[in-house]
Structure formats: C-alpha cells, structure tokens
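All values below were derived from every heavy atom in this structure, side-chain atoms included, with hydrogens, water molecules and symmetry-related copies excluded.
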Amino acid sequence: MWNKLVNDYFVFTSKERKGIIILLVILFSIFIIPYFFPYFVKNNIEEDVQFKNEIALLQIDSSNNYSKNSSLEYYDDYTPPVYNSNNFPKGESFPFDPNTATVNDWMRLGVKEKIALNIQKYISKGGKFKEPEDLKKIWGIPKSTVDRLIPFVDIKAQETSYSNYKKWDTSQNYKPYKREINLVSINEADSSAFVELPGIGPSFSRRIVKFRNQLGGFYSVNQVAETFMLPDSTFQKIKPYLVLDATPLRKININTATYEEMKNHPYLRYTLANAIVQYRTQHGNFSSIEGIKKIMIITDEIYKKVSPYLIVE
C-alpha cells in the first residue's frame, strides 16, 4: 500500500519534473526581483533639491498676497526667508504706529513699496499690530530692518466704538419701553387683532377665530384657552387683554336641528348629537333645554357647558 501511495503522489515523469522546475524558477524570480529595483531606478538628488527650492520660491512670492490676513497669529509657524539686505533701502528711524502708518511712512522707514501696500491691505481688512514684536511676522522685511524698527514702535491704544456714543445720564429716571397692547374683543376681533397679543402668531390667531365660529361665539373668556394646541402659559399672558362683549351667541334648536347640524358643534360632536336626536325621536320634542338632562350621558358639567348654545322653539 505504501509503495502504491508513493508511486501515485511522489513519482513524476520527465515532463512533470520540467514543469515543476520552471514553476519554482518563476516563483523565485517574483520573490527576488523587488530587491533589485533600487539598481534600476535613478534617484536624481540634484533634481529633487532644485524642485524643492522652486517650491520654496513660489511660497515666498505668494506670501506677499496676504491670503491669510485676518490675524497675524496665522503666521506664527512661518519662518521668513533670508533676504539680502543690500536690496532694501537703508531707511530712517523715527517713532511710528504700525496701525496708522501710511505707505510713505513705511517707505521712509526702509520698507519696500510692495510690502508697505500689503501691510495697508492687512490693516484695511481688520488686521492690527498689538505689540512691537508683531513686526517680525511681516513677510519680506529683513531681520536687520525689523530689529532697527522695533525700538521706535509706538502703538497707541485704540478707542472702542462705544466711546463715540453719548454716555448714559444716570441722574434721570429712565423707564424701559413697553409696547402698548390693545384690548381685544373676543367675539368681534378678527385674526389680525389676535396676532397683536403676546405669544400669538398667525397660526394661533386663525385657530382662535375658527374655534369661535364653530362654537357660535364665546360666552366666557376662559373658552379661548380651549383653542386647539394653545399652551396654558400663552393663554395666561393674553387673558388680561381679552374682553367679553355682548354679541349674541348662535344657538341650535334641539327640536328641529338635524344630526348633521349638531355634530359639527365642538361641544356636541357625534355622541351627544346622536343621543339628542334619538331621544327626540323616541319621546318627542323637548319642552325646555333642561329636558336634555334626561339623557343619561349628559352630566351637569356637560349641560352647563353646552346649554348656552341650545334653544327650544
């Protein structure tokens, strides 16, 4: 058995041995070729250095545009390039405020016109020099020039804009302004009158008017609080400005009104409207409004709430 196993799996023909050798050579080549890459790739150090120098020059040139101009602190991590001081004018030395100095002043101090113009742009866009050492953050000025100018920097305190306003006279008794709010007649006012009340916007004002029309008028100021989704805190704010007028309510004749007419009333709805119609059908017309108390589902509280809108004729 072992001889057969060895012959089946470990004995190869000449053709198979050649194939195995070729496969091993290919695998070995794939494994070892990456180690020879550095010998075929030319690393031109001089070109790499030249490229970096060109990038540095572009950065120096673009710095004069002051793309970051909102604050000098943006440039804290920048190392100014070394300039040949022979290319800059000698300049004078005199006390100056970098926040108010003109282009001519900077040029007199020995700063090139282009840099002086960039400083003016920085100032015009809200930039400020807070201390003499901030001069070191200006791009393009040689260190020798900065060291010469720092002792002559005289930054004056900036007055706040509030100083231009008239001071508050504490000798007089000022009363805070309070918007005058007119009283609103809850049965006669339209939505534009309700919207003038505190906390009442167009949406709530329309809901109040709609609720009033569905009821047939208000008989109490407190009914306004039942307006759909009106917060109680808002109602308490507007309650002092609400007045009840003598406008008569629109009433429903419980002896002739149909189920469809009664169910639309907010205080009757489907259940009470159906109960009234069924009782009237079985026992005849009502002789008085109090007759609805005989209906089991109508409690004293419900009767007190709905009776002002009912009539018997």
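- Distance check: Ser205 OG to Leu230 CG gives 11.0 Å after rounding to the nearest 0.5 Å.
- Closest non-hydrogen pair, Thr234 versus Pro198, comes out as CG2-O, 4.2 Å.
- Between the side chain of Asp134 and the backbone N or O of Phe129 there is no donor-acceptor pair closer than 3.5 Å.
- Residue Asn187 comes nearest to Leu244 through the heavy atom pair ND2-CD1, 3.8 Å, listed as atom of the first residue, atom of the second, then distance.
- Distance check, rounded to the nearest 0.5 Å: CG of Asn118 to NZ of Lys112 gives 12.5 Å.
- Panel note: side chain Arg108, backbone Ser93; no donor-acceptor pair is recorded below 3.5 Å.
- Judged by distance alone, the side chain of Asp105 and the main-chain N or O of Thr102 form a donor-acceptor pair under 3.5 Å.
- The two residues Leu109 and Thr145 make their nearest non-hydrogen contact at O-CG2, 4.4 Å.
- Atoms CD1 and NZ, from Ile181 and Lys237 in turn, are 10.5 Å apart once rounded to the nearest 0.5 Å.
- Across all their heavy atoms, Ser191 and Arg206 have their closest contact at CB-N, 4.4 Å.
- In this structure, Asp147 pairs ionically with Lys143, as a charged nitrogen and a carboxylate oxygen lie closer than 4.0 Å.
- With rounding to the nearest 0.5 Å, the separation of CG in Leu135 from CZ in Arg148 is 11.0 Å.
- Two residues are said to be in side-chain contact when any heavy atoms from C-beta on lie closer than 4.5 Å; Leu197 and Phe204 fail this criterion.
- A heavy-atom distance below 4.5 Å is not found between the side chains of Lys251 and Leu310.
- Here the side chain of Arg280 pairs a donor or acceptor atom with the backbone of Ile254 at under 3.5 angstrom.
- Taking hydrophobic clusters as Ile, Leu, Val, Met, Phe, Trp and Tyr residues chained together by side-chain heavy-atom distances below 4.5 Å, Val195 does not share a cluster with Leu242.
- A donor-acceptor contact shorter than 3.5 Å is absent between the side chain of Asn213 and the backbone of Lys210.
- Follow the hydrophobic side-chain contacts under 4.5 Å out from Ile298 and you never reach Ile311; the two are in separate clusters.
- Residues meeting the side-chain hydrogen bond (donor to acceptor under 3.5 Å, both in side chains) test with Thr256, sequence neighbours left out: Asn253.
- Remark: Asp232 engages Gln236 in a side-chain hydrogen bond (donor to acceptor under 3.5 Å, both in side chains) (not counting sequence neighbours).
- Considering CD of Glu131 and NZ of Lys136, their distance stands at 9.5 Å, rounded to 0.5 Å.
- With contacts defined as side-chain heavy-atom distances shorter than 4.5 Å, the pair Glu226/Lys305 qualifies.
- Under the 30°/60° scheme for interplanar angles, the aromatic rings of Tyr279 and Phe286 are found to lie parallel.
- Arg207 places no side-chain N or O within 3.5 Å of a backbone atom of Met229 that could act as its donor or acceptor partner.
- Side chain of Asp97 to main chain of Ile155: no donor-acceptor pair is present (N/O by atom type, distance under 3.5 Å, no hydrogens or angles).
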Please lay out, stage by stage, how Gln223 and Tyr267 fare under the test side chain to side chain donor-acceptor pair (under 3.5 Å). CA-CA 11 Å; Gln223 287 180 282; Tyr267 288 170; 3.0 Å; yes
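- Ile30 is not connected to Ile20 by any chain of hydrophobic side-chain contacts under 4.5 Å among Ile, Leu, Val, Met, Phe, Trp and Tyr, and they are in different clusters.
- If you take CE on Met107 and CD on Glu92, they are separated by 11.5 Å, rounding to the nearest 0.5 Å.
- In summary, the side chains of Asn274 and Lys263 do not present any donor paired with an acceptor at a separation below 3.5 Å, with no hydrogens or angles considered.
- By the rule that hydrophobic residues join a cluster once side-chain heavy atoms approach within less than 4.5 Å of another member, Tyr259 and Ile297 end up as members of one cluster.
- Ring-plane geometry between Trp106 and Phe96 is classed as perpendicular, the angle between the planes exceeding 60 degrees on a 0 to 90 degree scale with a lower cut at 30.
- Taking the six-membered ring for Trp and thresholds of 30 and 60 degrees, Tyr219 and Tyr309 have ring planes inclined between 30 and 60 degrees apart.
- Panel note: side chain Glu196, backbone Ala193; no donor-acceptor pair is recorded below 3.5 Å.
- Counting heavy atoms from C-beta outward, Ile252 and Met262 have side chains that approach closer than 4.5 Å.
- Side chains of Val243 and Val184 form no contact here, defined as non-hydrogen atoms less than 4.5 Å apart.
- In this structure, Val312 and Ser287 have side chains that are not in contact, with every pair of non-hydrogen atoms separated by 4.5 Å or more.
- Two residues are said to be in side-chain contact when any heavy atoms from C-beta on lie closer than 4.5 Å; Phe218 and Leu215 meet this criterion.
- Both cation-pi conditions hold for Lys293 and Tyr303: the charged atom is under 6.0 angstrom from the six-membered ring centre and inside a 45 degree cone around its axis.
- Between Asp154 and Lys156 there is a salt bridge, with a side-chain nitrogen of the basic residue lying less than 4.0 Å from a carboxylate oxygen of the acidic one.
- Side chain of Arg212 to backbone of Ile186: a donor-acceptor contact under 3.5 angstrom is found.
- Closest heavy-atom contact between Ala189 and Phe194: O-CE1, 3.7 Å.
- The heavy-atom pair separating Leu272 from Leu268 by the smallest distance is CB-O, 3.2 Å.
- Judged by distance alone, the side chain of Thr258 and the main-chain N or O of Glu261 form a donor-acceptor pair under 3.5 Å.
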